[in-house]
Number of protein chains: 2
Amino acid sequence: MAGSSTLTKERILGAAEVLFARRGFDGASLRQLTAAAGVNLAAVNYHFGSKEKLVEQVFRRRLDALNARRLDALGKVVGREDTHLEDVLAAYIRPALELSHDDNGALFMRVLARAFAEHDDSLRQFLSENYGHVMRQFTHEFARLLPQLSKSELYWRIDLVTGALTHAMSGFGMIQRKSGVSEQQHREQTAQHLIRFAVAGLSHP
Amino acid sequence: MAGSSTLTKERILGAAEVLFARRGFDGASLRQLTAAAGVNLAAVNYHFGSKEKLVEQVFRRRLDALNARRLDALGKVVGREDTHLEDVLAAYIRPALELSHDDNGALFMRVLARAFAEHDDSLRQFLSENYGHVMRQFTHEFARLLPQLSKSELYWRIDLVTGALTHAMSGFGMIQRKSGVSEQQHREQTAQHLIRFAVAGLSHP
DNA sequence: CGTATGCTCAAACGATCGTTTGAATCCTTC
DNA sequence: GAAGGATTCAAACGATCGTTTGAGCATACG
């Protein structure tokens, strides 16, 4: 087997991320996409099999790393004797925030928010099968740290917090940083906003 | 001028609500839509002018009433001498919740959540021009009740709460009510969940 | 060198899209 | 009941969609 052109696949994935964020999965055509990527129209079907498979790979490329970092961060805080709720939330939020400040990572968060709102069955099943265990582990930890909440009460709050975070992160591509604030400071302020909000939403009396 | 067939227009709007919620604006074709409505394909362009105009009318039909009820409810609580934050939030949340329990109102909330996540410029401009004053009035009231928050801090929290509520309400079509709980009770419990969460998210220290 | 193998390319496939057309039909009004 | 505007209808328009094809080119291996 020869070259296994990683270059073309990566160009397609990059252009797909941009156009899916801007026009949606249906709205972005393979002709726009391949033109933006500078590759031939047939390259998508050759390298990915179909448009739907391409969509899955767009998610895989980012979510594999993102959720691995989330679980890694979670593992580092649950081992200790006194785990704080905000540490668990930071383990969920901070990796996504770091992703948002990388190249087109913010655009991917838009794609993710779109998929979240679409309620598309096949896509939801794909995400659930491949990354459902991440949410399950976090949920388990939330339940442990909030024993006063009933199961249904906890699920309500997690659902609301998830909606808030997803929505907020989908807008990260468009916020203009105040002048005089370094990117480091800005990211830390954003993290604090999200974490404190999530703590309040989960643990209010 | 004769009949001005309200019937056909209403059948189209109803079918559009269902299909836009299920497949999205691009995903739902006028052929599926008119077939589901039991009308001729050309009826959409005849009565609405274009598919895009139809989308706007789908929003208008629900949002005119929804936002009028929100402002009405808001007016009834801001007049009093001691206004509580949860009353203002109830004025925002309860009309949407009542809409969600009417016929296809829950599906419309899905459509709304979709539009919210799409970041489509023309649709956002349409919503902002026609209903922006509603959010502005609520924001003004939040600022009055939460004077300790800076402007940017307040906007952060409102954005997060809005994301949470939009996401939660977009799922109302799919929740199965526990047996033994009346719809009245269920709706009241849901309202309490949302309102308390929003209060915590806005006013945490 | 010859020949597989991986990849790119222009071109075309059938299907479906939103929209338009012009005749047929309904319904009101005189 | 004739006239005329409002509405519906089947059919077609050009455009664009995702996908497939087969020839052409590159690179690796015997």
Side-chain angles (χ1 to χ4, degrees), chain A residues 1-61 111 114-115 118 120-123 126, chain B residues 1-61 111 114-115 118 120-123 126:
Chain A
M1 45 196 69
S4 100
S5 175
T6 299
L7 203 142
T8 297
K9 291 182 74 168
E10 204 57 33
R11 289 169 69 89
I12 291 174
L13 286 169
E17 203 163 55
V18 175
L19 283 175
F20 286 161
R22 194 178 304 165
R23 314 266 181 208
F25 304 119
D26 287 334
S29 75
L30 293 186
R31 282 172 179 81
Q32 300 172 334
L33 204 154
T34 50
V39 304
N40 187 270
L41 167 62
V44 169
N45 282 277
Y46 177 79
H47 285 286
F48 297 94
S50 69
K51 186 181 185 181
E52 194 179 348
K53 297 278 188 65
L54 169 62
V55 172
E56 290 189 3
Q57 290 302 316
V58 168
F59 281 100
R60 260 193 218 287
R61 186 176 65 146
V111 177
R114 270 189 122 103
E118 296 227 1
D120 178 271
D121 282 340
S122 67
L123 193 52
F126 167 79
Chain B
M1 47 195 69
S4 95
S5 175
T6 299
L7 205 140
T8 297
K9 292 182 73 169
E10 204 57 33
R11 290 169 68 88
I12 291 174
L13 286 170
E17 202 163 56
V18 175
L19 283 175
F20 286 160
R22 196 177 303 166
R23 314 268 182 207
F25 304 120
D26 287 334
S29 76
L30 293 186
R31 284 171 177 81
Q32 301 172 334
L33 205 156
T34 51
V39 304
N40 187 270
L41 168 61
V44 170
N45 282 277
Y46 178 78
H47 285 285
F48 296 94
S50 68
K51 187 181 184 180
E52 194 179 350
K53 298 279 188 67
L54 169 61
V55 172
E56 291 189 3
Q57 289 304 316
V58 167
F59 281 100
R60 259 193 218 288
R61 185 175 66 146
V111 177
R114 254 185 205 274
E118 295 227 0
D120 178 90
D121 283 339
S122 67
L123 194 52
F126 167 79

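Note that the coordinates shown come from a computational prediction; the quantities given were computed from them, not determined experimentally. Proteins get letters first, then strands, A, B, ... in listed order; numbering begins at 1 in each.
- Spacing between atom CG of Leu7(B) and atom C1' of dA6(D) amounts to 15 Å, rounded to whole angstrom units.
- The nearest pair of heavy atoms linking Glu52(A) to Ser122(A) is OE2-OG, 3.8 Å.
- Scored by the salt bridge (charged side-chain N to carboxylate O under 4.0 Å, His left out) test, Glu56(A) finds no partners at all (sequence neighbours excluded).
- In this structure, the CD atom of Glu10(B) is 15 Å from the P atom of dT7(D), given to the nearest Å.
- Side-chain contact between Leu33(A) and Leu41(A) is absent, with no heavy-atom pair separated by less than 4.5 Å.
- Contact annotation: His47(A) does not reach the phosphate of dG6(C) (side-chain N/O to OP1 or OP2, under 4.0 Å).
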Each nucleotide of nucleotides 15-22 of chain C classed B (base within 4.0 Å of a protein heavy atom), S (only sugar-phosphate) or -, in 5' to 3' order, makes --BBBBB-
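- Sorted by residue number, the list of members of residues 15-24 of chain A with any non-hydrogen atom under 4.0 Å from DNA chain D is empty.
- Sorted by first and then second residue, the side chain to side chain donor-acceptor pair (under 3.5 Å) pairs involving residues 18-27 of chain A (not counting sequence neighbours) form an empty list.
- Residues forming a side-chain contact (heavy atoms from CB on, under 4.5 Å) with Ala21(A) (at least two apart in sequence, or on another chain): Leu107(A), Arg110(A), Val111(A).
- For the side-chain hydrogen bond (donor to acceptor under 3.5 Å, both in side chains) test, residues two or more places apart in sequence or in another chain that qualify with Arg114(A) are Glu118(B).
- Defining each end axis of the helix from dC1(C)-dG30(D) to dC30(C)-dG1(D) as the rotation carrying four pairs' C1' atoms onto the next four, with five pairs an end, the two axes are found to diverge by 10° to 10 degrees.
- Listed by first then second residue, pairs satisfying side chain to side chain donor-acceptor pair (under 3.5 Å) with a partner in residues 28-45 of chain A number zero, not counting sequence neighbours.
- Applying the side-chain contact (heavy atoms from CB on, under 4.5 Å) rule to Ala115(B) yields the partners Phe25(B), Phe59(B), Leu123(B); only residues at least two apart in sequence or on another chain are considered.
- Looking at heavy atoms from C-beta onward, Arg61(B) lies in side-chain contact with Glu10(B) at the 4.5 angstrom threshold.
- Looking at Thr8(A) and Tyr46(A), their side chains never come closer than 4.5 Å, going by heavy atoms from C-beta outward.
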